[in-house]
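These notes concern the structure reproduced below.
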Amino acid sequence: MSTHQIVIIGASFAGLTAAQGLLKTVIPSLGGKDKYKVVQIAPSEDFYWKIGAPRVIANPKSLPLEKALLPIAPYFNSYGPEQYEFVKAYVTSIDTATKTVHTSTSAAIHYDSLIIASGTNFNTPLWTVTDGPEALKAALDEVHRKIPEAKTILIAGGGAAGVETAGEFGETYGKTKEITILSGTTGLLPRLQNKKIGADAQSRLEKFGVKVVNDNVKVVEHTKEDGKDVLKLSNGETKTVDIYIDATGDKPNSKFVPQEWLNDRNQVKVDPHTLRLDVPGVTGVYGFGPVASYSDGAAIDISFAKGAFLETLRSDLSGATPGPRTKKIYKKMTSDMQIVPIGSQGGVGVLFGYKAPSFLVKMAKAKDYMIGRAVQTLDGTA
């Protein structure tokens, strides 16, 4: 009996969720586990809890890297090689005619079903293991080596990651170092509909001694000189700082995906309810997580869509005729959802469109950046 091979590209939040969901629930429900094999392809054998990156960067004594960077293999040891295989490689292209994924190791891997869960890329390895764990470790080592003597720190990016990082630096060093955050727009947390949340975040940062610069000022060029970071700003100013943290956001990791599968933001085009690839004539391909068009890039777009996505996979693998719907579909929430710690004792946030009190932010995330969920993500119980 031939084996149906399910290839997952990516092994971060979305990729791990897909792999464990298939192995724990979907495939057993179909009967005959020997009929299916999951092959996961990623450039790193470690999972990085990047949700905690702001504290790992700014306050490693509170959240050391060894707690946030965990090996993937132990959490799949219960599956035999006929059930699960991890391939350490970059994906270089997808051959749709032969249903083959080509990798940086020259291996050509056949797929019967394909899940693109490759996440996003950043301008710096401080936030990801897309370039492997060694690049992350080297970038963190540089920042941590500079922190004790640094007098000036600049964070670019007014989204959650930038605000959280500024808050971590501010709480620990706001009285001894000059800390600046460039929102890059007219205010902090610009993705939120409620602009009062961003104003609250600014007030909290300023209490820590952090200088907040709005007015659409951005870093347009970054060079290094004598161990310092030289930044050219969009307002014509040049700043030289001891530490520069680029938190300006991420972009879909999709350069290996056929162009006809991508939208104008280079995300994989998927049906927003089932997460099937939304390209005529192509079946058995899915997009999951921030690389896919249904997602705004938030982690909740993975957890909230998980049930519907796994139901789609179950339906398709069972041999049911693929259609626009399954019994369970994903309905994206349109109201604001974001929790943003500013230091360890609180922060700002909004849940289902309603402002979250600071004490709730502390309990939900600020205390330890939910580090306990890292293992749950790896073992599929999150």
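Since we're looking at a predicted model, the values are computed, not measured.
- The 12-atom threshold is exceeded at CE of M333, counting heavy atoms of other residues, nucleotides or ligands nearer than 6.0 Å.
- For the 3.5 Å distance criterion, the side chains of N123 and T248 qualify, holding a donor opposite an acceptor.
- T377 contributes atom OG1, which lies 7.5 Å from atom CG of L16 (distance to the nearest 0.5 angstrom).
- The pair K137-E134 meets the salt-bridge criterion, with a side-chain N (NZ, NE, NH1 or NH2) lying under 4.0 Å from an Asp/Glu carboxylate O.
- Between the side chain of S315 and the backbone N or O of T312 there is no donor-acceptor pair closer than 3.5 Å.
- With a 4.5 Å cut-off on side-chain heavy atoms, K269 and V279 count as touching.
- Scored by the salt bridge (charged side-chain N to carboxylate O under 4.0 Å, His left out) test, K224 finds E142, D229 as partners (sequence neighbours excluded).
- Applying the 6.0 Å contact sphere to NZ of K67 captures no more than 12 heavy atoms from other residues, nucleotides or ligands.
- With sequence neighbours excluded, the residues forming a salt bridge (charged side-chain N to carboxylate O under 4.0 Å, His left out) with K355 are D200, listed by chain and number.
- In terms of hydrophobic clustering, with Ile, Leu, Val, Met, Phe, Trp and Tyr side chains grouped at heavy-atom distances under 4.5 Å, V291 and L313 are assigned to a common cluster.
- Put simply, the side chain of T92 does not reach to within 4.5 Å of the side chain of F256, judged on heavy atoms.
- Using a 4.0 Å cut-off between a side-chain N of Lys or Arg and a carboxylate O of Asp or Glu, K177 and D242 do not qualify as a salt bridge.
- The shortest heavy-atom contact between L69 and V129 is CD1-CG1, 3.8 Å.
- At least one side-chain heavy atom of N216 sits under 4.5 Å from a side-chain heavy atom of T185.
- In this structure, I8 is a member of the same hydrophobic cluster as L114, with clusters built from ILVMFWY side-chain heavy atoms closer than 4.5 Å.
- Proximity of a side-chain donor or acceptor of S254 to a complementary backbone N or O of Q267 within less than 3.5 Å is not detected.
- Between V257 and L262, the shortest heavy-atom contact is CG1-CD2, 3.6 Å.
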Would you check, one step at a time, whether the test side chain to side chain contact (heavy atoms under 4.5 Å, CB included) holds for D316 with Y286?
CA-CA 11 Å; D316 292 355; Y286 313 83; 2.7 Å; yes
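- Distance CZ/F208 to OG1/T172: 8.5 Å, rounded to 0.5 Å.
- Using a 4.5 Å cut-off on side-chain heavy atoms (C-beta onward), L154 and L182 make contact.
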Stepwise side chain to side chain contact (heavy atoms under 4.5 Å, CB included) test for D336 and I197
CA-CA 11 Å; D336 283 339; I197 306 296; over 6 Å; no
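- Residues S358 and G347 share a closest heavy-atom pair of OG-N, 3.1 Å.
- Remark: the backbone N or O of H110 is not paired with any side-chain donor or acceptor of T100 at under 3.5 angstrom.
- In the displayed structure, E85 atom CD is contacted under 6.0 Å by more than 12 heavy atoms of other residues, nucleotides or ligands.
- Transitive grouping of hydrophobic side chains (ILVMFWY, heavy atoms separated by less than 4.5 Å) brings L63 and M370 into a common cluster.
- Annotation: side chain of P258 is in contact with side chain of I94 (closest heavy-atom distance under 4.5 Å).
- In terms of hydrophobic clustering, with Ile, Leu, Val, Met, Phe, Trp and Tyr side chains grouped at heavy-atom distances under 4.5 Å, V230 and I153 are assigned to different clusters.
- Between F288 and Y294, the angle of the ring planes stays under 30°, which puts this pair in the parallel group of the 30/60° scheme.
- Annotation: E149, atom CD; neighbour count of heavy atoms from other residues, nucleotides and ligands within 6.0 Å does not exceed 12.
- Contact detail for I109 and Q5: the closest heavy-atom pair is CG2-NE2, 3.7 Å.
- Formation of a donor-acceptor pair under 3.5 Å by the E168 side chain with backbone atoms of I57 is not found in this model.
- Summarising the geometry, atom CG belonging to N235 is positioned 9.0 Å from atom CG belonging to D215; distances are rounded to the nearest 0.5 Å.
- With K146 contributing its side chain and G227 its backbone, the two residues share a donor-acceptor pair below 3.5 Å.
- Here the side chain of W127 pairs no donor or acceptor atom with the backbone of G249 at under 3.5 angstrom.
- Y111 places a side-chain heavy atom less than 4.5 Å from the side chain of V101.
- Side chain of K195 to main chain of P190: a donor-acceptor pair is present (N/O by atom type, distance under 3.5 Å, no hydrogens or angles).
- Contact annotation: the side chain of I181 never approaches that of I179 to less than 4.5 Å [non-hydrogen atoms, C-beta and beyond].
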Worked check of side chain to side chain contact (heavy atoms under 4.5 Å, CB included) between L233 and V213
CA-CA 12 Å; L233 307 183; V213 178; over 6 Å; no
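- Every residue two or more places apart in sequence or in another chain that forms a ring-ring contact (aromatic ring centres under 6.0 Å, His included) with Y84 is listed here: F76.
- Rounded to the nearest 0.5 Å, atoms NZ (K37) and CD (E82) are 8.5 Å apart.
- Side chain of Q40 to main chain of G10: a donor-acceptor pair is present (N/O by atom type, distance under 3.5 Å, no hydrogens or angles).
- The aromatic rings of W49 and F13 sit tilted, their planes meeting at an angle between 30° and 60°.
- Here the CG atom belonging to N59 is positioned 8.5 Å from the NE2 atom belonging to H144, to the nearest 0.5 angstrom.
- Applying the salt bridge (charged side-chain N to carboxylate O under 4.0 Å, His left out) test to D301 and every residue at least two apart in sequence or in another chain returns K332.
- Looking at every heavy atom in both residues, A58 comes nearest to T165 through CB-O, 4.4 Å.
- At a cut-off of 3.5 Å, with distance as the only test, a side-chain donor of E171 or S344 sits close to an acceptor on the other residue.
- In this structure, L70 is a member of the same hydrophobic cluster as Y48, with clusters built from ILVMFWY side-chain heavy atoms closer than 4.5 Å.
- Of the possible polar contacts, none joining the D296 side chain to the A298 backbone as a donor-acceptor pair under 3.5 Å is found.
- Residues N266 and Q259 share a closest heavy-atom pair of OD1-NE2, 4.0 Å.
- No more than 12 heavy atoms of other residues, nucleotides or ligands sit less than 6.0 Å from atom NZ of K232.
- Side-chain contact between S113 and L317 is present, with at least one heavy-atom pair separated by less than 4.5 Å.
- A donor-acceptor pair is defined here as one N or O able to donate and one able to accept, closer than 3.5 Å; such a pair exists between the side chain of S234 and the backbone of K218.
- Listed by chain and number, the residues in a ring-ring contact (aromatic ring centres under 6.0 Å, His included) with Y173 amount to none (sequence neighbours excluded).
- In this structure, E206 CD and K211 NZ are separated by 11.0 Å, a value rounded to the nearest 0.5 Å.
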Dump the intermediate steps for side chain to side chain contact (heavy atoms under 4.5 Å, CB included) on W261 and I116, then the final yes or no.
CA-CA 11 Å; W261 290 7; I116 303 172; 4.0 Å; yes
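- Scored by the side chain to side chain donor-acceptor pair (under 3.5 Å) test, K365 finds E164 as partners (sequence neighbours excluded).
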